[in-house]
Amino acid sequence: MKRYNPSEIEPKWQQIWEDQKVNVVVANPEKQKIYVSGMFPYPSGAGMHTGHAFSYSIVDAIARFHRQHGRNVLNPMGWDTFGLPAENYAIKTGTAPAVVTAQNIENFKKQFKRMGVSIDWSRELNTSDPEYYRWTQWIFTKLFERGLAYQKESMQWWCPVDKTVLANEQVEGGHCWRCGSEVEKKSMKQWFFRITNYAEQLLVEIPDLDWPQKIKTAQTNWIGKSQGAEIEFKINESEDIITVFSTRPDTLFGATFVVLAPEHPLSKQLATKDMLDAVDEYITKAVKKSEIERMNDTREKTGVFTGSYAINPASGQKVPIWIADYVLSGYGTGAIMAVPAHDERDFAFAEKYNLPIIEVIEKPTDDTEAGMYHGEGPLINSDRFDGTSSSDAREEIVAWLEEQGTGHSQITYKMRDWLISRQRYWGAPIPIIHCDEHGAVAVPEDQLPVVLPVIEDYAPKGDGLSALAAASDWVNTTCPTCGRPAKRETDTLDGYACSSWYLLRYADPKNAEQAWDPKAVNYWNPVDYYVGGDHAVAHLLYVRFWTHVFNEMGLTDFKEPVKKLIYHGYINAEDGTKMSKSKGNVIDPLDIINQGYGADSLRTYVLFMGPIELDAAWSSKSIAGVYRFLNRVWVLAQEYIESDKSFMGNDTAVTRIQHKTIRRVTEDFNRLSFNTAISALMEYTNELYKLKVDGFSTEVWGEALNVLMQLIAPFAPHLSEELNRELGSEILVQDIPWPIWDDSLIIDETITIIVQVNGKLRAKLEVAKDLGEAEIKALALAEENVQAFVGNKKPAKVIYVPSRLVNIVV
RNA sequence: GCGCGGGUGAUGGAAUCGGUAGACAUGAGAGACUUAAAAUCUCUUGGCCGCAAGGUCGUGCGGGUUCAAGUCCCGCCCCGCGCACCA
């Protein structure tokens, strides 16, 4: 008998698939399309890791499943190539990033092909290819035209090691997401995308997305919408006002002081003569104190009194104005009304500085805790609003303020604009030319792409400019508007810009006339299944943002780029900890394949480990078990092929388990429950092993095995293809329609009825499938073990669940 | 602190609609084959009592609803992830 040898059959079929271009697809409006993609990888020098193997096993299983259903399946691949590792390598070695990138891509591609993934390589794209980033730049100019890209001087996160600015999303707990070093704040002129204009529409679409709840929640929190009010406090003995933002205008009568952020424009000017020094000192210290400290602080409140007072517009009371760094300048108006009786932070501050505390909401009597109460209740000490419930008062007080012209309701979002400037070489140049007369001018479409020049030294000089600034030939150019000498922008685009539209480019990857043909994109997109385990907010929010803009521009007829998001877990090392080189516990998927397990075992194993959304620990024992399973499938087929197919056994049993399995695998697939689909295939195989001892009958067993090859193909395509051929099929598995089941063939002649007494299992009944209720109940009661519990008591009730169970209540 | 997940055998997990808890796999044990081992095949495998039939307990803890609860409700505990002085 031929032995199962993955290292022989897998490369063979990979070659055949490639030669026959079986995965190359063209748009065809007559055919139902399915677009499935993983989040494209950054091709690092280290090559493919288990995370890639996991992601693309999911992608490929889905792709093959739908192809077997006759659908037009787009499964593309590309490379997210801009980024710091290639640049840092270039700085160290002088090798151009493009050269290293090309090598890494080649390596990745080879590895992916060895996985047997069914990718349409004719659509391969690479974000650092000028033919690609030309259109990234074009999109930038379109956003610029629409006022959605703008430049602003601002304090920004700055990574002192990578010498670059970082977006909020790239700062993780005060550290750089790439190199882990502590970040600082630095004031620079930076480019932004005005994503905040889209806060509301990005938010309203979230509930309708077929995405995991945790991602939707993360995005909702990130956008951070709050309904509240802006309220004006007149500054005492002055015409000036301070506008504060509050989500609790109902507590206005309890506002006993006002707090400004240290960065607030009024902070300094409100300091009275005798407080000036103290205020100055506090502001300087607070601004210098890194935000990290402010975040990691023990939350000990600090602040300084300005010496000035404001008038509470509701109570008319004179309240002191303080400056404190617990108020953030970037949110709301950078100023708050402090209500210490009903806000924890204000309470702590008031306690520390002995500021007055006035309760304006009645605490429930069962709340015996001393101090601050932030719940709801009737108002007190609130003049005409006394007795009004706090929730009603929120609206009524704002309405009253509006009448007086001292306030209005206001919605605020936590989300900030997207910072896109990077002071690095290895990114798409921002297509802007700075002209003394015309300011920032977009590079016209016919002059795109602005190609990255090849330079000598890739290292940034630490002056806040990219290494491009030193390429004077490139920097010095002429203004597209007036033709006079002008300078190119030397910042490059955040890599997230490049990855915000690649899912559209896949639909029309070779288009040299436009970023994409809307016809192609409207056929293939949005993506039906998008698979990944990273970027809960950043990428997945930016992609949505750009697609909303494209929709507005008429470039797509949909707003949301991704229908179903599959967010899978991590594969950890065997000891349950994260894989890491330093711990030496890294599993290399290529090693697993080359050890002899093969790609099929690897792919089947990662999907069998557990539900895809869960983290899992690698188990070398378990993958051996999966290999054993595939081997059993192999042996079963070989034995049939070599047998004389005489038969003495139970054809009905074979057919029944076959149809049952088709149904289980299909239904499990539809809910993306791969681990149970694979276990159903294992049971099927185990069952056939038991049935084969009676011998093989040609027709029934041939079909049973063909079905097995069909069902196993999304997981173990090579094994499936090889055995399919050996079983006599002339065509490829993906061209054979997915088997369908017949419910009537699944039903057994007999069914098992569970018999309970008072809800406890006492007997099982094997009865004919069409036996009536009365007969079943009678049989149940007659059971010896049932009698032992019922005795001569009369059953109070007998519950019958058709074909399932009888419960006798005594 | 807030939000979102989750807690089931020795282990990964299954139980899709409230109806046999523990599928499948790993590990462990026994047997067959073998000079032997590996591989392969077969069987057993939640705890406790029992020769067995069977009983009894059992899905983080405490209550509840129901003929029936891993599943629904209330209150707690623990773990993971995300956000975190956002007024």
Side-chain angles (χ1 to χ4, degrees), chain A residues 172-173 212-222 224-226 228 244-249 251 255 259 294-297 299-301 324-328 330-339 342-346 348-349 374 412-415 536-537 569 576 605 608-611 613-626 628-629 631-632 635 664 667-668 670-671 673 675-686 689-690 693 752-764 784-785 788-789 795-801 804-810:
Chain A
E172 293 167 352
Q213 191 51 49
K214 68 170 180 174
I215 307 296
K216 300 210 282 187
T217 307
Q219 295 213 350
T220 305
N221 292 343
W222 187 265
K225 179 179 182 172
S226 310
V244 303
F245 174 73
S246 175
T247 53
R248 294 296 301 270
T251 63
V259 189
R294 273 165 84 165
M295 288 192 296
N296 295 346
D297 255 350
R299 306 276 157 98
E300 175 69 33
K301 299 274 179 294
D325 67 4
Y326 82 90
V327 175
L328 307 175
Y331 181 75
T333 60
I336 62 153
M337 61 179 214
V339 185
H342 305 290
D343 181 277
E344 208 178 339
R345 298 147 302 182
D346 298 343
F349 196 79
H374 66 256
T412 302
Y413 302 90
K414 278 192 222 172
M415 185 169 64
V537 176
Y605 169 61
F608 181 64
M609 293 174 94
E613 65 275 11
L614 259 48
D615 291 353
W618 184 269
S619 159
S620 45
K621 299 278 191 195
S622 271
I623 192 174
V626 168
R628 236 177 338 254
F629 159 62
N631 201 48
R632 278 163 67 82
V635 168
R664 282 177 68 185
E667 289 179 350
D668 285 352
N670 283 325
R671 59 188 180 103
S673 179
N675 58 331
T676 53
I678 293 165
S679 82
L681 291 168
M682 288 172 168
E683 282 181 66
Y684 183 39
T685 306
N686 291 346
Y689 261 74
K690 282 181 191 144
V693 294
T752 306
I753 301 284
I754 300 308
V755 183
Q756 299 179 333
V757 178
N758 291 334
K760 289 201 166 149
L761 174 69
R762 294 302 176 194
K764 291 178 189 179
E784 198 182 333
N785 202 39
F789 286 90
K797 211 190 225 181
V798 178
I799 283 134
Y800 174 67
V801 181
R804 294 198 97 135
L805 118 172
V806 175
N807 188 11
I808 298 156
V809 185
V810 292

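Side chains included, hydrogens not; waters and symmetry mates left out as well; all remaining heavy atoms used. Quick note on labels: first sequence line is chain A, next is B, and so on, each numbered from 1. This is a predicted model, so every value here is computed, not measured.
When side chains are defined from C-beta on, A:Asn686 counts as touching A:Arg632, because their heavy atoms get closer than 4.5 Å. The shortest distance between side-chain heavy atoms of A:Leu681 and A:Phe629 falls below 4.5 Å. Under the 4.5 Å side-chain criterion, counting only non-hydrogen atoms from C-beta, A:Ser246 is not in contact with A:Ile336. Side-chain contact between A:Phe608 and A:Met682 is present, with at least one heavy-atom pair separated by less than 4.5 Å.
Contact annotation for A:Gly332: no contact, since no heavy-atom pair falls under 4.0 Å across all strands. Here A:Asp346 lies out of heavy-atom contact (under 4.0 Å) with every strand. Among the protein residues, A:Ser226 comes within range of the sugar-phosphate backbone only, with heavy atoms under 4.0 Å from sugar or phosphate atoms but none that close to a base. Counting non-hydrogen atoms under 4.0 angstrom, A:Pro212 reaches nothing in the nucleic acid. Across all strands, A:Lys760 comes closer than 4.0 Å only to sugar-phosphate atoms, never to a base (heavy-atom distances). At the heavy-atom level, A:Tyr684 lies nowhere under 4.0 Å from the strands shown. Using a 4.0 Å heavy-atom criterion, one finds that A:Ser246 contacts the sugar-phosphate atoms exclusively. Within 4.0 Å of A:Tyr413, counting heavy atoms only, lies no atom of the nucleic acid at all. Residue A:Arg664 is out of contact with every strand shown, counting any heavy-atom pair closer than 4.0 Å. Among the protein residues, A:Arg671 comes within range of the nucleic acid bases, having at least one heavy atom under 4.0 Å from a base atom.
B:rU11 and B:rG64 are spaced 30 Å apart, taking the P atom of each and rounding to whole Å. Taking atom C1' in both B:rC74 and B:rA84, one finds a spacing of 29 Å when rounded to whole Å. The same atom, P, is picked in B:rG19 and in B:rA69; the two are 11 Å apart, to the nearest Å. Straight-line distance between the P atoms of B:rU26 and B:rU40: roughly 10 Å, to the nearest whole Å. Comparing the C1' positions of B:rU59 and B:rG6 gives an interatomic distance of 13 Å, to the nearest angstrom. Nucleotides B:rC48 and B:rU66 are separated by 29 Å at their C1' atoms, to the nearest Å. With both ends at atom P, the span from B:rA30 to B:rA37 equals 12 Å, rounded to whole Å. Spacing between B:rA10 and B:rC72 at atom P, rounded to whole Å, works out to 25 Å.
If you take CG of A:Asp343 and P of B:rC2, they are 14 Å apart, rounded to a whole angstrom. Taking atom CE of A:Met682 as the reference point, atom C1' of B:rU26 lies 10 Å away to the nearest angstrom. The nearest whole Å value for the distance from the CZ atom in A:Arg804 to the P atom in B:rA15 is 14 Å. Remark: P of B:rC85 and CE of A:Met337 are 20 Å apart, rounded to the nearest angstrom. Rounded to an integer number of Å, the gap from A:Leu614 CG to B:rC79 P is 18 Å. Between the CG atom of A:Asp615 and the C1' atom of B:rC4 there is a distance of 15 Å, given to the nearest Å. Between A:Lys225 atom NZ and B:rG3 atom C1' the separation is 18 Å, expressed in whole Å. Atom CG in A:Asn675 sits roughly 13 Å away from atom P in B:rU16 (whole-Å rounding).
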Can you give me the N/O atom pairs linking the protein to nucleotides 67-69 of chain B at distances under 3.5 Å, or say none if there are none?
residue	atom	partner	partner atom	Å
B:rC67	OP1	A:Lys797	NZ	3.4
B:rC67	O2'	A:Asn807	ND2	3.3
B:rC67	O2	A:Asn807	ND2	2.5

Short heteroatom pairs, N/O only, protein and nucleotides 40-43 of chain B, under 3.5 Å:
residue	atom	partner	partner atom	Å
B:rC41	OP1	A:Arg632	NH1	2.8

Please enumerate all protein N or O atoms sitting under 3.5 Å from an N or O of nucleotides 28-34 of chain B, with distances to 0.1 Å.
none

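For A:Phe245, whose side chain is taken as the heavy atoms from C-beta onward, the closest listed nucleotide among B:rA87, B:rA21, B:rG54 is B:rA87. The side chain of A:Phe608 lies closest to B:rG12, out of B:rG12, B:rU56, B:rG3. Closest to the A:Arg762 side chain, of the nucleotides B:rU56, B:rU20, B:rC85, is B:rU56. Of the candidates B:rU20, B:rU16, B:rG12, the closest approach to any side-chain atom of A:Asp668 belongs to B:rU16. When distances are taken from the side chain of A:Leu805 to each of B:rG5, B:rG19, B:rU56, the shortest belongs to B:rG19.
Listed by chain and residue number, nothing satisfies the salt bridge (charged side-chain N to carboxylate O under 4.0 Å, His left out) test with A:Lys690 (two or more places apart in sequence, or in another chain). In this view, A:Arg248 and A:Asp250 satisfy the salt bridge (charged side-chain N to carboxylate O under 4.0 Å, His left out) rule, not counting sequence neighbours. Every residue two or more places apart in sequence or in another chain was checked for a salt bridge (charged side-chain N to carboxylate O under 4.0 Å, His left out) with A:Glu344, and none qualifies.
B:rG9 shows a glycosidic angle within 90° of 0 and is accordingly assigned syn. The glycosidic torsion of B:rC17 lies within 90° of 0, placing the base in the syn range.
Both distances falling under 3.5 Å, in either a Watson-Crick or a G-U wobble arrangement, place B:rC41 opposite B:rG31. If you check B:rC51 for Watson-Crick or wobble pairing at under 3.5 angstrom, you find it has no partner at all. Nucleotide B:rC72: paired with B:rG64 (Watson-Crick or G-U wobble, both distances less than 3.5 Å). Nucleotide B:rC4 has B:rG80 as its partner under the Watson-Crick or G-U criteria, with both atom distances under 3.5 Å. Here B:rU59 sits opposite no nucleotide as a Watson-Crick or G-U wobble pair (both hydrogen-bonding atom distances under 3.5 Å).
Geometrically, A:Lys301 engages A:Tyr326 in a cation-pi contact, judged by NZ or CZ lying under 6.0 Å from the ring centre and within 45° of the ring axis.
Counting atom types as modelled, A:Lys216 pairs no side-chain N or O with a base atom of B:rC4 as donor and acceptor under 3.5 Å.
Residue order along RNA chain B, read from the 5' end via each residue's closest nucleotide, puts A:Pro611 first among A:Pro611 and A:Ile336. Residue whose closest nucleotide on RNA chain B sits further toward the 5' end, between A:Thr333 and A:Thr676: A:Thr676.
Heavy atoms of other residues, nucleotides or ligands lying less than 6.0 angstrom from CD of A:Gln213 number more than 12.
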